[in-house]
Amino acid sequence: MERELSFVEAICEATDQEMGRDRNVVLFGLGVDDPKHIQGTTKGLPEKYGAERVFDTPLSEDAMTGVAVGMAWAGLRPIHVHIRMDFALLAANQLVNMAAKSYYMFGGKLNVPMVVRGMIGKSWGQGPQHSQALYSMFAHVPGLKVVAPTTPHDAKGCLIAAIRDDNPVLYVEHRMLHFQKGPVPEAMYEVAPGSARVTAEGADLTMVGISYMQLECLRARHELAAVGIEAEVIDPIWLAPLDLDTVVRSVRKTRRLLVVDNDWAYCGVGASLVAAVAEALSGEVGIQYRCLGFQPTTCPTSPTLEEAFYPNPASIAAGAHEMVRGDSTWRPPRRAYPETISFRGPF
Amino acid sequence: MERELSFVEAICEATDQEMGRDRNVVLFGLGVDDPKHIQGTTKGLPEKYGAERVFDTPLSEDAMTGVAVGMAWAGLRPIHVHIRMDFALLAANQLVNMAAKSYYMFGGKLNVPMVVRGMIGKSWGQGPQHSQALYSMFAHVPGLKVVAPTTPHDAKGCLIAAIRDDNPVLYVEHRMLHFQKGPVPEAMYEVAPGSARVTAEGADLTMVGISYMQLECLRARHELAAVGIEAEVIDPIWLAPLDLDTVVRSVRKTRRLLVVDNDWAYCGVGASLVAAVAEALSGEVGIQYRCLGFQPTTCPTSPTLEEAFYPNPASIAAGAHEMVRGDSTWRPPRRAYPETISFRGPF
Amino acid sequence: MPPTSSRESRGAGLPARDPARTGPPDPETCYRLLLLIRTVEEEIARVYPSDVIKSPVHLSIGQEAVAVAVCMALRLEDVVFGTYRGHAAYLAKGGDLDRMIAELYGKNTGCAGGKGGSMHLVDVEHGVMGTSAVVATTIPEALGMAMAFQYRREPRVVVSFFGDGATEEGVFFETLNVAALRKAPLIFLCENNSYAIHTHLHQRQAQSDICRKAEAMGVPAFRFESDDVETVYARIAGAAARLRADPFAGPCFFEAPTCRWREHVGPGEDFHLGYRTADDVRRCQANDALKKAAGRLTEIRRAVIEREVLGAVARAFERAAAAPFPEAGTLLDDVYKEV
Amino acid sequence: MPPTSSRESRGAGLPARDPARTGPPDPETCYRLLLLIRTVEEEIARVYPSDVIKSPVHLSIGQEAVAVAVCMALRLEDVVFGTYRGHAAYLAKGGDLDRMIAELYGKNTGCAGGKGGSMHLVDVEHGVMGTSAVVATTIPEALGMAMAFQYRREPRVVVSFFGDGATEEGVFFETLNVAALRKAPLIFLCENNSYAIHTHLHQRQAQSDICRKAEAMGVPAFRFESDDVETVYARIAGAAARLRADPFAGPCFFEAPTCRWREHVGPGEDFHLGYRTADDVRRCQANDALKKAAGRLTEIRRAVIEREVLGAVARAFERAAAAPFPEAGTLLDDVYKEV
Ligand SMILES: Cc1ncc(C[n+]2csc(CCOP(=O)(O)OP(=O)(O)O)c2C)c(N)n1
Ligand SMILES: Cc1ncc(C[n+]2csc(CCOP(=O)(O)OP(=O)(O)O)c2C)c(N)n1
Ligand SMILES: [Mg+2]
Ligand SMILES: [Mg+2]
């Protein structure tokens, strides 16, 4: 029997193991040593590694990001935690102008082995400023890497890979994924860039689900299977650099690509994926493309609006159905999913 | 005979006319009242409108962006100038979390009529932190509008439209376009969203050139014409919201789309354009897509590297040629273009 | 500005009394407002477990006095900027009760049409500007509005409320400097409850005299010893009068000690977390401004006000519960303002 | 920290003398460094119009003394962080001359392989960390490195150089607070030349005593009356010794007055712009540290040093001119560090 951990426990274990292995790994951010220990992802670490290695910070995201860069230049491997991705905007200058560029602009002299953990909020009225994904903005910038694991297995493997990476990595956690449980090996292992995963096979269309949308795509796949459509589902895992080949291979087979992004589509990872596949398969006959993402608006707080804001298994399945069968009226039955049921605020 | 102005003069005139028309328009930013008056774009304005309406600021981009939002809530129409787009990163939190969202998150109660002028540097070793375009990062965010005029005519019309817009607008100026001259009507006029322009007609492929790449595409078109290829060139002008129809119409005709972005391609406006057209023309037979942009790295300072970093008329023409003729070896003759010759640092 | 010691310059430029407005605050209004806020928030806490409010709430139970004292010294046309912990300032400034509760319920009768929730309250007609969930983000907005009033020579005062945690963010310092440079008609008001979430001020600020920081930026500062309504009211009324009289009088900074009785976010208490004790809070509760205000009224007047307030609150919750949710079809309304 | 007046606490915690290192700075080294920097920058200015340097240059002609005095008090293993106006700190700390000039020429023998240019100098072996073009951006990096040294108990000191303009950016305040909280072995060094581009400090800062701001953040601060090399050297040597002795001794802040003789960016003078007069600068020139340092040496020693420096500079420019440009094919090297 494989051991099961939650996504949260997987993050905590990866951090613990890496801190145990490498004294250069330090962990800080608002609330990391707090009684709520960042949803449990830092549980036990302050006690185990002490206040020099695990520490809370003032409300100073900009400076603390520069601090992480400076530590990384000195050979440490800092992990900087933002309980909301939205706050990373305060650090945009340091991330984009310093962290992303330093290895290149200093001619390979100063690299930046740092990890920025950013959490995407959803549900329970997280609202405009506590729900953003923003990873597309950072994936845009050469020099930064971006990873968005979707299973506890990858949560651990990607975090270990990110910590060991000699470059700045934005590690994207979706709060709704925090609840997931799954098999996680006890040993240390890396899930490195270049490892997009086919999470379900199928011949009728390719669905790429990013971050939490991976889960929603797998659910949509069930609905589609019920009406005889076989969707292939791919989890890109790393968003920068992107493993394009796995997707191109699949689309060459299925002739249909539906990317479901967990971010706004415009100038997003999802749209870039569509563009890159369209370019790679340029001139091929009759391939269908579609990209879903957040609706092009600020995330509203009210539940009725919030529900309409996000792609969901039903809207994904309907979109896929239309691509395969040309029928835009079909909808799967309504269902509620466990984490949306069990999840209660405030957070 | 139509009157000619430079791009810089067109910006200055638009600002002057709008300030003359509407007492709510105020102008600030580092150096706006400086003896170099932001390349001339603010020349004469401090004297004419006084220090309450035209003022320099401390080095505090974050706060000054919030100040602009607050002024806009109060009914003023601030213009905030960044001599480098790169510095807008310091204002990312205010732009994305406040300016973009306030109209929506306050239920339509507080709109934000403000303009942020950001300049893209190029050439003369602007280097890593003085050459970024970054408009794709902001175009990603619903609630912000983004415009990147390429002619003196549009520089004036778009700035007037941006100032009169009731929403936050990022007005993108490319430093190499500052040198261009062209016909500019004296009267006030708006070049509003939805007005992508076909700048040259052709049947063989569609080239969309964004910001300075519009100029480079027109040059590439000459090279292509010399070998019998007729490129249609489109200037999208507004990047958010984007006028997709004009592009789709053209690609439906030419069956080939080459977008040349003045930004990194990944998660950029250019890639999104390709994706949107591929989606709109889904399933149509044999359309070719391609997106060029900055090379996926930090902009280097050394001239030999800098030259390789940007798409240029030769590389654009070569790319287009390959799409039309399938021949990837052809290159147009080498030429130097006026603004790269006449331009000398430092800036 | 001549260099003066931190102590000496405290309060410099702030007249102690404004002849027009420094009488004691009207005890009935004061009690009504304190009671209103307390009742509303206790009702929020009561209904919260039933999930009718599907959004994070940051209660200011225990912190009402500062908002009430400050807002009583303001006029309708004056403006306040608050934070995600903004219920008290919203109500004290006269924000519409029904629309606030409807907003928390996510209903389309809410002050932001349900799009904002508890953290993004707004009531422009009553001078409550939109509140924000990202700490310190409305501080420069407040300055922008003050500069607009100054520019138009409108005798209106802006108050920027924020917590002690906000005074660690860079934008706080940037804004103070610009406010002082532009001599903007702005009152900075730091509600110092000693904590940012669960971390004490002393663990976050090496030099934790916040007034000293304000003064170093060129903004005269004054620290209240307590959140006593009369004292706070008198000072703020004086400062507001000064700013109304001269739009170039320049900003001032006040720090008021206060105490959050409940958990950082959510309806409960949080003594089990161990970062502070129940006794810490009990000491504050002994000085409850609401109780003191009640003591200043006759039993009869108190009963009248209580009936009135309780009725209004009950009605607001009922109306909010009964109101419709926004239609999904309105999702894309108000992304942009177009004519 | 007990509240003390701004004046009283200035310099608190900073011993005036370090027995080991506060002797007068070696006059030959001092002259050599000052002359080297001056000569290099004058040569840059001379060749600039010929376009061999295709990149913005921010000269520190006139400002050399502070960098020299500070860096003479440092050891090889100590580290400095500078700005786009970073030639002086780079050379004073011992950064490689040939690689610096090659960098300005955009050659692949440059310290950043031509990828950085004048604004992004780096020489890790000599403790010159990468400089940055965005004002104030290396201030927190300096703190991060100091925290790393502290964590590893390495007796190394970090100096963060920045201009007066940088002290307006929010990150400056955030960094000072965290440095003080963490008691990091870090020296903040503000080179106050009174201007940010063409705007005077007094137009930018309402309260323009920068030391007072540092102290308000909890960092003891000291303002030098002049950029006199011996005074600056002695103080910095003392502070550095203290930080080496105890990695938890805590940061300190110094402000040194200085004067930029040339235009903000580029090789020329800028009196025609009208924001300051030639007389303003001439007054500074009368106190030129280079001249004073020359006066401390015999004519013979001076001549030897001059020959040496001029030769080294000439060779550096020749080598830079002769070196190859990077191949276009290396454009995508070093975007990521991969094993
Ligand atoms: C920029 C930013 N960083 C972090 C957070 C997370 N956060 C929410 S409230 C809070 C504490 C703020 O404390 P304070 O300003 O004292 O206000 P209080 O909650 O005590 O009223 C923090 C850190 C945030 N919302 N915004
Ligand atoms: C964040 C940021 N804003 C604006 C600029 C434009 N800029 C370049 S140098 C400079 C002045 C900085 O003054 P100071 O810190 O005193 O340094 P000095 O140039 O006097 O050495 C400004 C405003 C910039 N580079 N970075
Ligand atoms: Mg607090
Ligand atoms: Mg300066």
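Throughout, protein chains are lettered first and strands after them, A, B, ... in sequence-line order, and every chain is numbered starting at 1. Here the structure is a predicted model, which means the values were calculated and not measured.
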| query | Would C/Glu215 and C/Arg212 pass as an ion pair if we require N to O under 4.0 Å? | reply | no
| Side-chain touch C/Asp333/C/Lys115, heavy atoms, less than 4.5 angstrom | yes
| message | Does this structure show an ion pair linking B/Asp166 with B/Arg77, if we count only N-O contacts that are shorter than 4.0 Å? | response | yes
| field | Heavy-atom proximity to chain C below 4.5 Å, by part of B/Leu76 | value | both
| query | Non-hydrogen atoms of chain B under 4.5 Å away: do they reach the side chain of C/Leu331, the backbone, both or neither? | reply | both
| Lys/Arg-Asp/Glu bridge criterion (N-O < 4.0 Å) met for C/Asp123, C/Arg99 | no
| query | What are the residues of residues 156-167 of chain C, in order of number, with any heavy atom under 4.5 angstrom from a heavy atom of chain B? | reply | none
| message | Surrounding NZ of B/Lys109 (heavy atoms of other residues, nucleotides or ligands, distance under 6.0 Å), is the total greater than 12? | response | yes
| task | Flag the one option from B/Leu144, B/Thr65, B/Asp165 with the top tally of heavy-atom pairs under 4.5 Å to chain C. | result | B/Leu144
| query | Given that the side chain runs from C-beta out, which part of B/Val26 has a heavy atom under 4.5 Å from chain C: side chain, backbone, both or neither? | reply | side chain
| request: State whether C/Asp78 and C/Arg244 are salt-bridged, where the test is any N-O pair (Lys NZ or Arg NE/NH1/NH2 against Asp/Glu carboxylate O) under 4.0 Å. | output: yes
| message | Non-hydrogen contacts under 4.5 angstrom with chain B: give the residues of residues 80-98 of chain C involved, or none if there are none. | response | C/Phe81
| message | Heavy-atom cut-off 4.5 Å, strictly under: side chain, backbone, both or neither for C/Val124 against chain B? | response | side chain
| task | Compute the ring centroids of B/His80 and B/Tyr171, then answer whether they are less than 6.0 Å apart. | result | no
| request: Please examine the side chains of B/Glu52 and C/Met147, heavy atoms only from C-beta on, and report whether any two atoms are closer than 4.5 Å. | output: no
| task | Could you check which of C/Pro326, C/Gly114, C/Cys111, C/Gly110 has the highest count of heavy-atom pairs closer than 4.5 Å to chain B? | result | C/Cys111
| said: Need one label for C/Asn108: side chain, backbone, both or neither, based on atoms under 4.5 Å from any heavy atom in chain B. | reply: neither
| request: List the atom of C/Gln150, the atom of C/Pro247, and the distance in Å for their closest heavy-atom pair. | output: NE2-O, 3.0 Å
| task | Return yes if some donor-acceptor pair links the side-chain N/O of C/Glu255 with the main-chain N/O of C/Cys190 below 3.5 Å, else return no. | result | no
| query | Non-hydrogen atoms of chain C under 4.5 Å away: do they reach the side chain of B/Ala51, the backbone, both or neither? | reply | backbone
| request: Assess the side chains of B/Gln129 and B/Asp86: does a donor N or O sit below 3.5 Å from an acceptor N or O? | output: no
| task | Let me see the working for B/Lys145 and C/Glu338 under salt bridge (charged side-chain N to carboxylate O under 4.0 Å, His left out), right down to the final yes or no. | result | CA-CA 12 Å; B/Lys145 294 187 179 182; C/Glu338 304 296 352; 2.8 Å; yes
| message | Show the nearest heavy-atom pair for residues B/Val112 and B/Ala99, with the distance to one decimal. | response | CG2-O, 3.8 Å
| query | Side-chain contact, heavy-atom cut-off 4.5 Å: B/Met85 with B/Leu170? | reply | yes
| Segment of B/Leu90 engaging chain C (4.5 angstrom heavy-atom cut-off) | neither
| query | Highest number of heavy-atom pairs under 4.5 Å with chain C: which of B/Gln94, B/Met64, B/Glu61? | reply | B/Gln94
| field | Contact origin within B/Asp62 toward chain C - heavy atom pairs under 4.5 Å | value | both
| task | Taking the side chain as every heavy atom from C-beta outward, state whether C/Thr175 and C/Phe188 have any pair of such atoms under 4.5 Å apart. | result | yes
| task | Using the salt bridge (charged side-chain N to carboxylate O under 4.0 Å, His left out) rule, pick out the option among B/Lys48, B/Lys156, B/Arg21 that qualifies with B/Asp16. | result | B/Lys48
| Residue among B/Ala72, B/Pro142, B/Gly107 with most heavy-atom pairs under 4.5 Å to chain C | B/Gly107
| request: Give the minimum heavy-atom separation between B/Arg117 and B/Ile79, together with the two atoms involved. | output: CD-CG2, 4.0 Å
| remark: Here the pair of heavy atoms bringing B/Val141 nearest to B/Ala100 is CG1-CB, 3.7 Å
| field | Max heavy-atom pair count under 4.5 Å with chain B, selected residue of C/Ala179, C/Ala148, C/Gly113 | value | C/Ala148
| query | Applying a criterion of heavy atom separation less than 4.5 Å, what residues of residues 132-141 of chain C form contacts with chain B? | reply | C/Ser132, C/Val134, C/Thr137, C/Thr138, C/Pro140, C/Glu141
Would you be so kind as to tabulate the donor-acceptor pairs closer than 3.5 Å made by side chains of residues 239-249 of chain B, with sequence neighbours excluded?
residue: B/Asp243; atom: OD1; partner: B/Asp245; partner atom: N; Å: 3.4
residue: B/Asp243; atom: OD1; partner: B/Thr246; partner atom: OG1; Å: 3.4
residue: B/Asp243; atom: OD2; partner: B/Ala196; partner atom: N; Å: 3.1
residue: B/Asp243; atom: OD2; partner: B/Thr246; partner atom: OG1; Å: 2.7

| task | Find out whether B/Glu173 and B/Met119 are in side-chain contact, i.e. whether some heavy atom of one side chain is under 4.5 Å from a heavy atom of the other. | result | yes
| chain C: which of B/Thr57, B/Leu59, B/Asn97, B/Asn93 shares the most heavy-atom pairs with it under 4.5 Å? | B/Asn93
